[in-house]
2 protein chains.
Amino acid sequence: MTKPATRIQKRNQAAILSAGLDIFSQYGFRGSTLDQIADAAGLSKPNLLYYFSSKEAIHAALLDRLLADWLDPLQALDAQGDPVREILAYAKRKLALSKDYPRESRLFANEILQGAPRIESILRHDLKALVDEKAAVIQGWADAGKIAPVDPYHLIFSIWALTQHYADFDVQVRAVLGDRAPYDGAAVFLDMLYRKLLTP
Amino acid sequence: MTKPATRIQKRNQAAILSAGLDIFSQYGFRGSTLDQIADAAGLSKPNLLYYFSSKEAIHAALLDRLLADWLDPLQALDAQGDPVREILAYAKRKLALSKDYPRESRLFANEILQGAPRIESILRHDLKALVDEKAAVIQGWADAGKIAPVDPYHLIFSIWALTQHYADFDVQVRAVLGDRAPYDGAAVFLDMLYRKLLTP
DNA sequence: TCTTGGTTTGACCAGATGGTCAAAAGGACG
DNA sequence: CGTCCTTTTGACCATCTGGTCAAACCAAGA
């Protein structure tokens, strides 16, 4: 029996979550302050705490929303599909996530860097189970000779690393590339890399 | 005419830097406190401030020490050597850095995530110059047909991403792999990946 | 218009945080 | 032992930080 959120509630909650994402993704949980977030959201601190009961609550809401979207692309890897195409498509989806949701990627990176205190159990259970399942699929493809015999776990790690790098290390990438756009070259490079790696 | 550091100075400065590395690499600059660092170093806060004039000073000393070691492996990439062997050796050196100095890797990651306020100019100048130089070398190898025609910048990014991932996302990697050792499989995987990618 | 419930705010609080300082304690060396 | 310089500490401070609360403000329906 939860009452429907009012127009103002929706607007302010969205503003707070966006502001929280800005701040938390840059400074991590401990390094972020409610004043910063309230400022970024255009609200006073007590007003912010009217919508979320604590700093923790904002962070938790963001992590919740993140984790679903984060595991989704791997979930979609289809054991019945064409192996190389499936893996390339997964890499492409992850790269698109980095491009379109870099703040979410950095929020996740910050959480992991701090030792993942709030999501370690999710990593240990949900994430591990999902990766185990998909690794078995990839191992099956390798055993059947449909792709080159690669360690499926490190293959998945490599996709995470290569795609998230462009969001997490954005500042460094741009410092090196100057005014050239990162993501076009990245897409071409990743396509070639995985095509050559996976061809038996 | 700087006086030579005493035995006690050396011991305490080393303890402070190690403690600072522990804390800063986990929580970032803003999220770390002097009390935490003093605790980890086994000193009182005023005593800590007797050796380093401020929180900033500890952090700056760590970044200084880091950056030299960080650029070194790429510097060693030899235009006269065998192309594939040189690039593989670079990847191997970076992977060894991740394995042996994970705290340094995470310190760097934290700094970049926060927008690299303290090292952006170094990235823009020193790092960019070094990468430009080595990218030209790799481009030359590609043009000469000695390696496959890959974008040298994204090749270098990929080495950074793939190696640092094991240090920066250590918690996640271990959560997925369970008790299996990450670095042995990683070395084999990276070797195969770059061998297949670079073979013309 | 009045009422009612959601919304916003200023003032406030306890504890944390970066940093200071004078004084005490320790070590090395004649 | 006495001296001098280094090292350590307890007490302290201003500011920041997460969070509370009562009161004021506003929007919308009766």
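Keep in mind that what you see is a predicted model, and the values were worked out from it rather than measured. Naming: A, B, ... by sequence-line order, numbering from 1 per chain.
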Side-chain atoms of N47(B) come closest, of dT7(D), dT9(C), dT7(C), to dT7(D)

Here the distance between atom P of dG18(D) and atom OH of Y27(A), to the nearest Å, is 14 Å

Rounded to whole Å, the OH-P distance (Y51(B) to dT6(D)) equals 11 Å

ring-ring contact (aromatic ring centres under 6.0 Å, His included) with H59(A): of F52(A), Y27(A), F29(A), only one passes, and it is F29(A)

Regarding D170(A) and R174(A), does a basic nitrogen lie under 4.0 Å from an acidic carboxylate oxygen?
yes

Between OH of Y50(B) and P of dG10(D) the distance, given in whole Å, is 17 Å

Separation of dG18(D) atom P from I23(A) atom CD1, nearest Å, is 12 Å

Assess the side chains of D143(B) and Q139(B): does a donor N or O sit below 3.5 Å from an acceptor N or O?
yes

Base, sugar-phosphate, or nothing for F52(A), non-hydrogen atoms under 4.0 angstrom? nothing

Inset, instruction - Tell me whether the OP1 or OP2 atom of dT8(C) has a side-chain N or O from S44(A) closer than 4.0 Å. - result: no

When rounded to whole Å, the CD to C1' distance for the pair Q36(A) and dC16(D) reads 12 Å

Q13(A) atom CD is separated from dT8(C) atom P, nearest whole Å, by 11 Å

**Request:** Before giving the answer on side-chain hydrogen bond (donor to acceptor under 3.5 Å, both in side chains), spell out for S158(B) and Y194(B) the whole-Å C-alpha distance, their side-chain angles and the decisive distance to 0.1 Å.
**Result:** CA-CA 10 Å; S158(B) 77; Y194(B) 284 114; 2.6 Å; yes

Under a 4.0 Å heavy-atom criterion, the protein footprint on nucleotides 17-30 of chain C, written with B, S and -, is SBBBB------S--

Whole-Å distance, D39(A) CG to dT17(D) P, equals 11 Å

CD1 (I122(A)) and CG (L71(A)) are apart, to the nearest 0.5 Å, by 8.5 Å

- Using a strict 4.0 Å threshold on nitrogen-to-oxygen distance, state whether R195(B) and D191(B) make a salt bridge. yes

Here the distance between atom C1' of dC26(D) and atom CG of N12(A), to the nearest Å, is 14 Å

Please state whether the phosphate of dT7(C), meaning OP1 or OP2, lies under 4.0 angstrom from any side-chain nitrogen or oxygen of Q9(A). yes

Subject >> Stepwise side-chain contact (heavy atoms from CB on, under 4.5 Å) test for L62(A) and L66(A) >> reply: CA-CA 6 Å; L62(A) 285 168; L66(A) 169 66; over 6 Å; no

